[in-house]
Enquirer: 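One structure coming up, written as structure tokens, with questions to follow.
What you see is a predicted model, and the numbers here were worked out from it, not measured in a lab.
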Amino acid sequence: MPGERAPGNYADVASWTAQRTPVTRVNMLGGDFWLVSQFTPDQPGNDWVVTFDNTYYENARILVLGDDGLVRQFESGAATATNDMPRGTAAVSLSPGHHYAVVIEVSSKFYTAIPRIDVQTRAEYHKRRTNESALMLGSLGVLFGLGVFIMFVGLWIRDRSYTLYGCQALILVLGWGFFFGVPQGWLGINTDPVNFTQWFILLPVVHVRFTIRFLELWRHSPRMARLGYAIVIASIIALPISLIFPSLAFLIATFLVSTVVLFSASMGIWSLWRGVRRARFFTLAYMAVLIPGSIILPVNFGLIPSIVDNADLMTLMGNSCEAMLLAFALADHVKLVEDGRERFRRGMQEAVAKASIDALTGLGNRLAFNVMIEEITRRENVDPAAGTWLIAMIDLDGLKLVNDSQGHERGDDLLSAVGEGLARLGDLIRAFRLGGDEFAIIAYGDEHTQERLEKALAELDRRLRGSDFPDAGISYGICSAPANQRRFSNADFAELVREADRAMYAHKSRRRTQRVSDPHPADQTVTVLRGD
């Protein structure tokens with residue numbers, strides 16, 4: 001009741017306690033309470049620490065009284081920022097065999113669990129605080145590092161899933177940082193009226209959107225995606241309510257966080273069942289949160305005492321495990337995306353390869369011819385002394401006559417025979433069918449290579465005329481680039497093609513003249529015109 005005062009000494013504790021009505025538990029919606037605990041030290045040594053913890057509170061006055069005349073008073077809480085959070089500590093000297101009482105006057109807008117009083121030796125408390133501080137800072141560091149890194153990855157690659165996950169991790173860092181009193185106790189910042197609950201109420205706004213985008217719920221289950229956005233809207237509405245009615249803030253935050261974790265875990269299991277591979281680590285991440293959550297949730301609602309020491313720290317560690325597993329899920333997603341891109345790249349290569357092959361002759365087509373020229377122009381001829389590029393333009397003579405007199409199937413046989421002959425010209429020589437009766441060759445080499453190419457084309461012409469196609473043959477012209485030229489442009493190759501074309505038409509004209517002047521052209525030596 002207002003105006004009550006704590007007992008003045010240990011002898012008054014019994015009568016003072018008898019004048020008050022005991023309660024079974026504190027109201028989780030806040031209020032003012034006295035907490036009393038009596039004890040007798042049973043270990044040697046005088047250095048002890050009295051700890052008031054296991055819950056969030058705004059203000060507490062800790063009074064330690066002893067039958068040896070001890071009277072010590074300390075103050076703690078989020079509103080005072082004068083002691084460790086979320087626990088208040090009082091370092092006292094206690095004598096074995098004497099009786100002591102701890103009387104705490106606590107006041108808060110809400111409580112997160114049933115409060116607890118611990119009495120430990122200073123060595124025990126130091127070990128406990130060291131371990132818990134290391135776990136707290138390590139967990140916050142993991143959350144912060146992953147959050148910043150993945151958020152920047154998301155911004156860099158413009159993937160909103162990563163950006164939302166990074167924001168989610170950073171909101172968790174702020175929420176837990178406020179809970180453990182980092183801004184108040186460590187930085188001396190007064191954050192009223194905002195406390196840790198507002199950050200956890202804000203969490204579902206990005207949490208749900210991350211789940212929807214990562215699991216692609218709009219594509220797989222639009223109804224569940226709409227349910228997720230209903231949670232988002234509820235969180236946005238709940239944020240100002242938590243500031244107007246601060247006693248409800250923690251229960252609202254607990255309800256919303258529990259709802260969003262169940263939503264994400266359920267969607268992960270459902271997606272995994274549907275065969276969505278990226279849901280593997282995602283589901284495992286939320287299992288890491290559900291396990292400590294199932295322990296702390298009844299405690300948060302004040303239904304049972306905490307069955308573990310510092311359940312909030314265990315939940316923070318669960319959040320850091322969740323963050324690491326979600327990072328694995330995102331990395332797995334990157335691998336899936338890269339695998340998809342690789343399959344797409346291979347598919348495109350196969351499609352381009354198929355689109356670049358002439359189906360009849362097996363040679364490259366005009367597309368392949370142009371692509372090879374583009375590849376050559378992108379690189380430099382590092383050793384001009386080893387050779388230069390050559391272009392040969394070839395025209396198949398007599399194809400129309402064969403088609404008209406023997407049919408198009410026979411004409412196709414003639415084209416296949418020419419393609420087969422050009423394909424056997426050599427490793428550094430690549431042949432193309434540009435369309436109809438037009439062929440081309442791109443080769444690399446020196447003057448000897450050009451001479452061998454001329455002889456090979458002449459031999460192919462003789463074989464055609466000496467086979468089942470006596471009226472067929474090939475006219476060709478070869479043009480080589482300057483021997484000292486290192487780089488080639490598209491214009492350079494266009495000029496080579498024009499020169500080779502002119503040489504080919506000159507060759508065709510000479511062949512026509514030879515056929516008119518000699519009724520047995522197969523016995524004539526073919527003269528090759530070389531474009532310079």
Enquirer: Would you check if Val418 and Leu422 make a side-chain contact, meaning some heavy-atom pair closer than 4.5 Å?
Expert: yes
Enquirer: Determine yes or no for a side-chain-to-main-chain donor-acceptor pair under 3.5 angstrom, with Ser266 supplying the side chain and Leu262 the backbone.
Expert: yes
Enquirer: Would you say the rings of Phe432 and Phe439 are close, in the sense that their centroids are separated by under 6.0 Å?
Expert: no
Enquirer: Does the ring centre of Trp176 sit less than 6.0 Å away from the ring centre of Phe200?
Expert: yes
Enquirer: Measure from the side-chain N and O atoms of Arg433 to the backbone N and O of Gly436, and report whether any donor-acceptor pair falls under 3.5 Å.
Expert: yes
Enquirer: Take a 6.0 Å sphere around CZ of Phe149 and say whether it holds more than 12 heavy atoms from other residues, nucleotides or ligands.
Expert: no
Enquirer: Which heavy-atom pair separates Leu363 from Ala423 by the least distance, and what is that distance?
Expert: CD2-CB, 4.0 Å
Enquirer: Within the 3.5 Å criterion, strictly below it, is a donor on Ser416 or Asp413 matched to an acceptor on the partner's side chain?
Expert: no
Enquirer: Quick one: are Leu146 and Tyr165 in side-chain contact, heavy atoms under 4.5 Å?
Expert: yes
Enquirer: Side chains of Asn365 and Ser356: any donor to acceptor distance under 3.5 Å?
Expert: no
Enquirer: Verify, without hydrogens or angle tests, whether Ser242 (side chain) and Leu239 (backbone) share a donor-acceptor contact under 3.5 angstrom.
Expert: yes
Enquirer: Of Thr112, Asn195, Leu174, Thr197, which meets side-chain contact (heavy atoms from CB on, under 4.5 Å) against Phe179?
Expert: Thr112
Enquirer: Rounded to the nearest 0.5 Å, what separates atom OG1 in Thr211 from atom CZ in Arg209?
Expert: 11.5 Å
Enquirer: Between His220 and Trp270, what is the ring plane arrangement, given parallel below 30°, perpendicular above 60°, and tilted in between?
Expert: perpendicular
Enquirer: Mark yes or no for whether Asp412, through its side chain, and Glu409, through its backbone, hold a donor-acceptor pair below 3.5 Å.
Expert: no
Enquirer: Check the angle between the aromatic planes of His507 and Tyr476 and answer parallel, tilted or perpendicular using the 30° and 60° thresholds.
Expert: perpendicular
Enquirer: To the nearest 0.5 angstrom, please state how far the CD1 atom of Ile373 sits from the OG1 atom of Thr377.
Expert: 8.5 Å
Enquirer: How long is the straight-line distance from CD of Gln198 back to CD1 of Ile171, given to the nearest 0.5 Å?
Expert: 13.0 Å
Enquirer: Taking the six-membered ring for Trp, is the centroid-to-centroid distance between Tyr56 and Phe196 below 6.0 Å?
Expert: yes
Enquirer: Can you give me the closest heavy-atom contact between Leu143 and Ala169, atom names plus distance?
Expert: O-CB, 3.6 Å
Enquirer: Looking only at non-hydrogen atoms, find the nearest pair between Ser475 and Asp397 and report the distance.
Expert: OG-OD2, 2.6 Å
Enquirer: Mind listing the closest non-hydrogen atom pair of Tyr229 and Val208 along with its distance?
Expert: N-CG1, 4.2 Å
Enquirer: Where do Ile429 and Leu425 come nearest, in terms of heavy atoms and distance?
Expert: CD1-O, 3.7 Å
Enquirer: Does this structure show an ion pair linking Glu459 with Arg462, if we count only N-O contacts that are shorter than 4.0 Å?
Expert: yes
Enquirer: Quick check: do Phe282 and Ser264 have side-chain heavy atoms less than 4.5 Å from each other?
Expert: yes
Enquirer: Taking Asp461 for its side chain and Ile474 for its backbone only, find out whether a donor-acceptor pair lies under 3.5 Å.
Expert: yes
Enquirer: Does Tyr505 reach the side chain of Asp501, with side-chain heavy atoms less than 4.5 Å apart?
Expert: yes
Enquirer: Are there over 12 heavy-atom neighbours, none belonging to Arg158, within less than 6.0 Å of that residue's CZ?
Expert: no
Enquirer: Any non-hydrogen side-chain atom of Val260 less than 4.5 Å from a side-chain atom of Leu256?
Expert: no
Enquirer: Check this for me: Arg223, atom CZ, are more than 12 non-hydrogen atoms of other residues, nucleotides or ligands nearer than 6.0 Å?
Expert: no
Enquirer: Strictly distance-based, threshold 3.5 Å: is any side-chain N or O of Ser133 a donor or acceptor partner for the main-chain N or O of Thr130?
Expert: no
Enquirer: What's the separation between atom CD1 in Ile150 and atom CG in Leu170, rounded to the nearest 0.5 Å?
Expert: 10.0 Å
Enquirer: Is any side-chain heavy atom of Asn490 closer than 4.5 Å to a side-chain heavy atom of Glu374?
Expert: yes
Enquirer: Closer than 3.5 angstrom, by distance alone: can the side chain of Thr361 be matched with the main-chain N or O of Gly419 as a donor-acceptor pair?
Expert: no
Enquirer: With rounding to the nearest 0.5 Å, note down the distance linking CG in Asp437 to NZ in Lys400.
Expert: 11.0 Å
Enquirer: Around Arg463, counting heavy atoms of other residues, nucleotides and ligands shown, do more than 12 lie under 6.0 Å from its CZ?
Expert: yes
Enquirer: Does the Ser221 side chain pair with the main chain of Leu217, one donor and one acceptor, at a distance under 3.5 Å?
Expert: no
Enquirer: Among Ile441, Leu434, Ile478, which residue meets the side-chain contact (heavy atoms from CB on, under 4.5 Å) test with Met393?
Expert: Leu434
Enquirer: CG/Leu360 to CG/Leu414 distance, rounded to the nearest 0.5 angstrom?
Expert: 10.0 Å
Enquirer: Any side-chain heavy atom of Ile394 within less than 4.5 Å of one from Met504?
Expert: no
Enquirer: Which pair of heavy atoms, one from Leu399 and one from Gly411, lies closest together, and at what distance?
Expert: CD1-O, 3.6 Å
Enquirer: For Trp389, does the CH2 atom sit with more than 12 other heavy atoms under 6.0 Å from it, leaving out its own atoms?
Expert: yes
Enquirer: Answer whether the closest heavy-atom distance between the side chains of Phe255 and Ile201 falls below 4.5 Å.
Expert: no
